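Proteins come first, then strands; the chains are lettered A, B, ... in the order of their sequence lines, and each starts at number 1. All values reported here derive from a predicted model rather than from experimental measurement.
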Amino acid sequence: MSSSAASSAAARRADDWRRTHTCGELRASHVGQRVTLNGWVHARRDHGGIYFVDLRDRHGITQVVLGAQFSEAVRLSSEDVIAVTGTVVARAPANVNAERETGAIELMAERLELLSKAKTPPIDVTASDLPALETRLKYRYLDLRRPAMQKNLVHRARFISAMRAAFEREGFIEVETPVLTKATPEGARDYLVPSRVHPGSFFALPQSPQIFKQILMVAGLDRYFQVARCFRDEDLRADRQPDFTQLDMEMSFVEEEDVFALWERVLVATFRAALGVELTTPFPRLRHAEAMERYGSDKPDARFGLELRDVAAWARKSEFKVFHGALERGGRVLALNAGNVPFSRKEVEELGAIAALGGAKGLAWWKADVGGGTGPLARFAAGPLAAELMSLLSAQAGDLCLFVADAQAVARKSLNEVRLHLRNKLRLVDPKQFAFRWVTHFPLFTRDEEGGRWFSEHHPFTAPEDWSLGGAGADPGALMSRSYDLVMNGWELGSGSIRIHRPEVQERVFEILGIGPEERQEKFGFLLEALSYGAPPHGGFALGLDRSAALTAGLDNIRDVIAFPKTASAADLMCQAPAPVRPEQLAEVHIQLAGQALKKSAP
RNA sequence: GGGGACGUAGCUCAAUCGGUUAGAGUACCGGCCUGUCACGCCGGGGGUUGCGGGUUCGAGUCCCGUCGUCCUCGCCA
């Protein structure tokens, strides 16, 4: 914008307040030019007789110098919006600000116009320390003025833009799918929207465009993608918002390796364009069972070792009753070697509290040594047992080894917590390293805790490894799925699967899930019918863009890459959503409040 | 729904064991200052200690309830 505006500068009226340049672009090469800048008053320095203003816009900060003739300048306050016309001048060498890109020059003001007055802001845009998140969310427009937040949003935009370009190069067609759609029976809670035209009926907001994208494959679109907003009415976390964004895609006539290779090309291109980072492909693949066994997690941080080891065989030989008890109850004895860490007794005991997060009742520790070592486990590691345990855990003398004996799920989860805690405490990882892993071979179904009905581990449209589903009477729990996750540095970045394209297989899966013929017809009749008109084998994937943008920006909370995020109770503090509505509005959509809702609604 | 942490000036925080008129920095307002860039100096205003109740001679501080924020477990196909 600046070049064309500047070139027409000769034609400008003298009182034209509109900018000729941004606040980030003036350099020594502009010295002598008459320019106009628009922006916010970032900081002021009044020296009586001479007055400095740091003028800020998204592009940068330029120092404006106002002479004694600008008596009105002293009434400027932070965050006022002004227009300044003047001449770009070189600073004396002693006055150059090397910290700032525009620091070699300054704008000698000749004309000053106040475009908009600002009240004293509740957020100091210039400060390095942050106000409470509550304040930041309420005055989000001020929070977003902070250069750090603008950097985050620009980063997100570049990341998505690069990814979109990559998909277009790969021949993918961007298709929008409805936001007002139909409730799904499984998975997360749906956000519902009442229908005015159809009394008593409701739309649901999509948890993902899953069914639509499969139908686009049936329709022959071949390669679809979309930057898709998804909605799930579940409780929030630092990495979870109720409305979030995915790069959603689907492709026809493919198997797993085609999807992996495509995404590896897309991610290589995206990281190169948006971050200047060269990723190494192919990303290592990890079976779900192996991930759980080595890391105790299905989304491992593979940037460091400290892997879990099974020490059951050793435990049986030892005299430690706690270990024996766990094994007798069908549990596991798992361990990890933290290495030679200089932990105090107190620090070691703190690890027990970390392990408890995963449900472990205790965390046994042992400072390894062939002579028997030290710690609570030392007296059970006498003689040859010490050397044997050291060998099992690849331990050197002095290494701290940690043990959990419990049910498999508890032992894994607890040691995973310990492992991640050690990562942070010992700074074991490089935040700039991106360790991608494809996690494959998930079970197709899992059972609820009571051992009652089966649930899809991924979703009910996921293809089984064996199209026959093991035949009649087979154990659903033994079936393998063709779903996959992409994990990076301990975060699940996305997931996908090869889908079921045969209606009879889809029917059988619904049957196992306990979705009867009537419900099947009502909820998915259209999908089953679509599959019956010639469906190509297809599969796809969806990448969480909020998480991806946050991780690549080095942030651990996705709110910092979302312009208008919600609080932990799913509220928008700026616009005060959700909010009660007028009774007439409710009547229009055939809704009557009851119970608690009635008490809390507007008067 | 459960657990933990927090809520004091516009903002960030302090306030000993329950005890004088709740302080500081910053921001804001007024004054001074011609080379600052976290400018500096002088002065000033600013408080329902989230809200409600209780204990006490006395509550920012202790107790109960409630609202809000964050993290987390459950939950999130």
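Nucleotide B:C57: paired with B:G19 (Watson-Crick or G-U wobble, both distances less than 3.5 Å). As the counterpart of B:G44, B:C28 is assigned, both hydrogen-bonding distances of the Watson-Crick or G-U wobble pattern falling under 3.5 Å. The base-pairing partner of B:C75, taking Watson-Crick or G-U wobble contacts with both distances under 3.5 Å, does not exist among the strands shown. The nucleotide B:G52 finds its pairing partner in B:C64, both defining distances of the Watson-Crick or G-U wobble pair being shorter than 3.5 Å.
Comparing B:U20 with B:G58, their C1' atoms are spaced 12 Å from each other, to the whole Å. For the C1' atoms, the distance from B:U56 to B:G19 is 12 Å, rounded to whole Å. For the P atoms, the distance linking B:C11 with B:A27 amounts to 15 Å, nearest Å.
Protein atom NZ of A:Lys299 is 13 Å distant from nucleotide atom P of B:C76, rounded to whole Å. Protein atom CG of A:Asn416 is 11 Å distant from nucleotide atom P of B:C73, rounded to whole Å. In this entry the distance linking NE2 of A:His47 with P of B:C41 reads 12 Å, nearest Å. A straight line from CG of A:Leu66 to P of B:C37 spans 17 Å, rounded to a whole angstrom. Here the P atom of nucleotide B:C76 and the NZ atom of A:Lys566 are 21 Å apart, to the nearest Å. Going from atom CG of A:Leu133 over to atom C1' of B:G7 covers 14 Å, rounded to whole Å.
Looking only at side-chain heavy atoms (C-beta outward), A:Asn416 and A:Pro300 stay at 4.5 Å or farther from each other. Residues A:Leu112 and A:Val64 fail the side-chain proximity criterion, which asks for heavy atoms closer than 4.5 Å. A:His59 has its side chain out of reach of A:His21: every pair of non-hydrogen atoms, C-beta onward, lies at least 4.5 Å apart. With contacts defined as side-chain heavy-atom distances shorter than 4.5 Å, the pair A:Leu422/A:Leu351 qualifies.
A:Arg44 comes within contact range of the sugar-phosphate backbone alone, with a heavy-atom separation under 4.0 Å but no base atom that close. A:Asp233 comes within 4.0 angstrom of no nucleic acid atom, judged by non-hydrogen atoms across all strands. Heavy atoms of A:Lys138 sit nowhere under 4.0 angstrom from any nucleic acid atom. Among the protein residues, A:Phe52 comes within range of the nucleic acid bases, having at least one heavy atom under 4.0 Å from a base atom. Counting non-hydrogen atoms under 4.0 angstrom, A:Asp556 reaches nothing in the nucleic acid. Among the heavy atoms of the strands, none lies under 4.0 Å from A:Ile123. Looking at heavy-atom distances under 4.0 Å, A:Gln207 makes no contact with the nucleic acid at all. At the heavy-atom level, A:Ser128 lies nowhere under 4.0 Å from the strands shown. Using a 4.0 Å heavy-atom cutoff across all strands shown, A:Leu130 reaches sugar-phosphate atoms only and no base atom. Note on A:Arg559: only backbone sugar-phosphate atoms sit closer than 4.0 angstrom, heavy atoms only; bases stay farther off.
Residue whose closest nucleotide on RNA chain B sits further toward the 5' end, between A:Asp46 and A:Thr120: A:Thr120. Each of A:Glu134 and A:Asp235 lies near RNA chain B, and the nucleotide nearest A:Glu134 is the one positioned closer to the 5' end.
When each of B:G35, B:G10, B:C73 is scored by its nearest atom to the side-chain atoms of A:Pro122, the top-ranked nucleotide is B:G10. Side-chain atoms of A:Arg45 lie closest to B:U36 of the nucleotides B:U36, B:U69, B:C76. The side chain of A:Arg240 lies closest to B:G74 when the candidates are B:C11, B:G74, B:U69.
Residues A:Arg508 and A:Glu511 are paired through a salt bridge, judged by an N-O separation under 4.0 Å between the basic side chain and the carboxylate. Between A:Asp235 and A:Arg240, no side-chain nitrogen of the basic residue sits less than 4.0 Å from a carboxylate oxygen of the acidic one, so the salt-bridge criterion is not met.
At a cut-off of 3.5 angstrom, counting only N and O atoms as typed in the model, there is no donor on one side facing an acceptor on the other between the side-chain of A:Arg75 and the base of B:C29. In terms of polar N and O atoms assigned as donor or acceptor, the side chain of A:Arg232 never comes within less than 3.5 Å of the base of B:C76 in a complementary pairing. Judged by atom type and distance alone, A:Asp124 does not reach the base of B:G10 through any side-chain donor-acceptor pair under 3.5 Å. With hydrogens and angles left out, the side chain of A:Asp54 and the base of B:C37 share no donor-acceptor pair within 3.5 Å. With hydrogens and angles left out, the side chain of A:Asn95 and the base of B:C37 share no donor-acceptor pair within 3.5 Å.
Between the side chains of A:Glu25 and A:His30, no donor-acceptor pair is found at a separation under 3.5 Å. Looking only at atom types and distance, the side chain of A:His459 has a donor-acceptor partner in the side chain of A:Arg499 under 3.5 Å away. No side-chain donor-acceptor contact under 3.5 Å links A:Asp301 and A:Tyr295.
Residue A:Arg502 qualifies as enclosed at atom CZ: its count of foreign heavy atoms under 6.0 Å is above 12.
Cation-pi check for A:Arg447 over A:Phe445 is not met; the charged atom does not lie both under 6.0 angstrom from the ring centroid and within 45 degrees of its normal.
Taking the six-membered ring where tryptophan is involved, the planes of A:Phe524 and A:Phe461 are perpendicular, since the angle between them exceeds 60° and thus also 30°.
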If you restrict it to nitrogen or oxygen atoms, what contacts under 3.5 Å exist between nucleotides 4-6 of chain B and the protein, and what is each distance?
none

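Of the residues in residues 78-94 of chain A, those with a non-hydrogen atom less than 4.0 angstrom from any atom of RNA chain B are A:Ser78, A:Arg91. Heavy-atom distances under 4.0 Å link RNA chain B to no residue of residues 482-506 of chain A.
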